[in-house]
> 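Mind looking over this structure? Questions follow.
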Amino acid sequence: MVSSRGVRHDSMRARNLSVVLATIHRSGPATRAALAERTGLTKTTVSSLVADLLEAGVVAEGGVVRGGERGRPGVAVALSGHRVAALGLEINIDYLAACVVDLTRTVRLRRVRPADNRNSDPREILEGLRGLVKEITAEAEQAGLRVIGAALAVPGTVEDGVLRSAPHLGWRDIRVANLVDLPFEVDNEANLAALGELWFGAREPDFLYVSGEIGIGAGLVVRGDLFRGTFGLAGELGHVVVVPDGPTCRCGGRGCLEVYAGQDALLGDLASVGDLVARLESGERRAQEACERAGHALGVALTSAVHLLDPGRIVLGGIFAPLFRWLERPVSEGLRGRLGQMRGAPPALVVSGTGGDAAVLGAAGLIIQQILAEPAKMLGL
């Protein structure tokens with residue numbers, strides 16, 4: 001029988017491990033003395049906790065720095081990227097992706113498999129993703145990395161590990177929570193892309209991230225946290241109506257932004273965004289008109305988002321990133337022309353620093369955040 005005193009001790013130790021690791025992550029390399037000073041823990045306690053974190057491979061020692069004690073140098077303790085890693089996964093309409101990211105948020109491995117996943121059989125796609133997981137985790141192990149957990153980005157709404165609706169995949173009520181034998185999360189790709197931008201891109205604490213794919217999603221980051229809404233469905237920007245009584249959208253509505261600025265609307269009969277960029281660079285009029293229409297519609301939708309959410313910065317990602325120089329003018333003009341006297345200037349409009357990798361990076365980053373927040377639980381300490 002475990003005594004209540006033992007439970008309390010384990011709980012306190014887990015909390016203290018979190019405090020020490022979070023302090024190292026936030027403040028950078030520090031000596032044990034400095035960590036004791038910053039956390040308010042005793043030097044003996046900090047030394048014991050650091051020893052556990054060293055053994056688990058999440059921190060490493062190296063370099064002599066000034067410690068917390070006056071005039072005495074000490075050995076610095078810093079996050080280590082050599083042994084612990086997270087796995088990010090993504091199911092997109094036309095590819096599967098995986099990346100392994102170490103604890104310092106360095107991408108160690110990345111794999112993308114082109115695929116046509118529209119109206120696909122979920123069992124086949126998930127089996128293909130399992131194969132990709134097996135392949136990349138084996139490579140990670142060969143590199144000396146222990147993958148602690150995985151997260152999956154999907155183009156649809158998610159509830160309790162169930163992909164409730166992904167219209168472009170043709171999937172409904174698909175359970176994906178048992179994809180890997182590791183701690184596992186699944187979330188909407190726009191949410192994870194916003195977090196990817198936060199942790200791997202511009203790293204600004206407040207912005208509205210707009211993910212351009214077949215559909216168009218958005219993620220609102222406020223003071224470094226993702227706003228999800230009451231039911232986790234915030235950010236369905238693609239279904240904001242920009243033309244009342246316009247063409248029918250896949251969602252069943254009419255005149256949605258997605259109809260005018262989604263990947264299908266932009267590419268037409270072209271095979272890839274690269275083909276569109278090539279035609280834009282050559283000055284082809286039809287390609288320019290497609291971006292003009294998309295930018296105009298995006299400006300209309302973002303005007304409503306600005307009035308409602310008041311973001312200071314709008315980040316365009318996904319397929320909007322490589323098309324940014326052709327979209328920036330019509331989107332900016334639309335915002336300036338419609339915001340009127342409500343604000344002195346429209347929000348800054350910037351291109352994503354992570355491009356098409358935002359969602360898969362955000363997925364890996366989600367697990368890294370869990371390791372940093374709960375090392376005892378995630379690492380079995």
> What pair of heavy atoms forms the shortest contact from A98 to L87, and how long is it?
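In this case the closest contact between A98 and L87 is CB-CD1, 4.4 Å.
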> Other residues, nucleotides and ligands only: do more than 12 of their heavy atoms fall within 6.0 Å of NE2 on H307?
yes
> Backbone N or O of S18 within a donor-acceptor pair of the E374 side chain at under 3.5 Å?
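Checking the backbone N and O of S18 against the side chain of E374, no donor-acceptor pair under 3.5 Å is found.
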> Ignoring hydrogens and geometry, is there a side-chain-to-backbone donor-acceptor pair from S27 to I24 under 3.5 Å?
no
> Working to the nearest 0.5 Å, report the span between CG of L103 and OG of S80.
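Separation between the atoms: 7.5 Å.
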> Distance from E61 atom CD to T31 atom OG1, nearest 0.5 Å?
10.5 Å
> At what distance, to the nearest 0.5 angstrom, does CG of L163 lie from CG of D173?
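Here the interatomic distance stands at 8.5 Å.
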> For the residue pair V241 and R254, establish whether any side-chain heavy-atom pair is separated by less than 4.5 Å.
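Contact flag for V241/R254 side chains = no.
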> Quick one about H168 and E258 (side-chain donor to acceptor, distance below 3.5 Å, no hydrogens or angles considered), yes or no?
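H168 and E258 do have a side-chain donor-acceptor pair below 3.5 Å.
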> In plain terms, say whether E139 and R108 are close enough for a salt bridge, that is, a side-chain N and a carboxylate O under 4.0 Å apart.
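No.
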> Measure the spacing between NE2 of H296 and CZ of R329 and express it to the nearest 0.5 Å.
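Rounded to the nearest 0.5 Å, the NE2-CZ separation comes out at 12.0 Å.
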> Does E127 pair with R130 as a salt bridge, N-O distance under 4.0 Å?
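Salt bridge between E127 and R130, a charged N being under 4.0 Å from a carboxylate O: yes.
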> Do other residues, nucleotides or ligands put more than 12 heavy atoms under 6.0 Å from E135 CD?
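Yes.
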> Taking L316 as the starting point, is it possible to reach V360 by hopping between hydrophobic residues whose side chains are less than 4.5 Å apart?
no
> Spell out, yes or no, whether L192 and V180 are grouped together once hydrophobic residues are joined by side-chain heavy atoms under 4.5 Å, including indirect joins.
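No: no chain of side-chain contacts under 4.5 Å links L192 to V180.
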> Does this structure show an ion pair linking R223 with D206, if we count only N-O contacts that are shorter than 4.0 Å?
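Not counted as a salt bridge, because no side-chain N and carboxylate O are separated by less than 4.0 Å.
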> Taking C-beta and beyond as the side chain, do R83 and D102 meet within less than 4.5 Å on heavy atoms?
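They are not in contact (no side-chain heavy atoms under 4.5 Å apart), so the answer is no.
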> Does atom CZ of R113 have more than 12 heavy-atom neighbours, drawn from other residues, nucleotides or ligands, at distances under 6.0 Å?
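Counting neighbours around CZ of R113, more than 12 heavy atoms of other residues, nucleotides or ligands fall under 6.0 Å, so yes.
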> Quick check: does any side chain N or O of W171 sit under 3.5 Å from a backbone N or O of S120, one acting as donor and the other as acceptor?
yes
> When rounded to the nearest 0.5 angstrom, what distance separates OG1 in T44 from CG in L49?
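These two atoms lie 10.5 Å from each other.
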> CZ/R32 to OG1/T39 distance, rounded to the nearest 0.5 angstrom?
13.0 Å
> Evaluate the side chain to side chain contact (heavy atoms under 4.5 Å, CB included) criterion for residues F200 and V101: first the C-alpha distance (whole Å), next the side-chain angles of each, then the deciding distance (0.1 Å), finally the verdict.
CA-CA 11 Å; F200 296 87; V101 178; 4.0 Å; yes
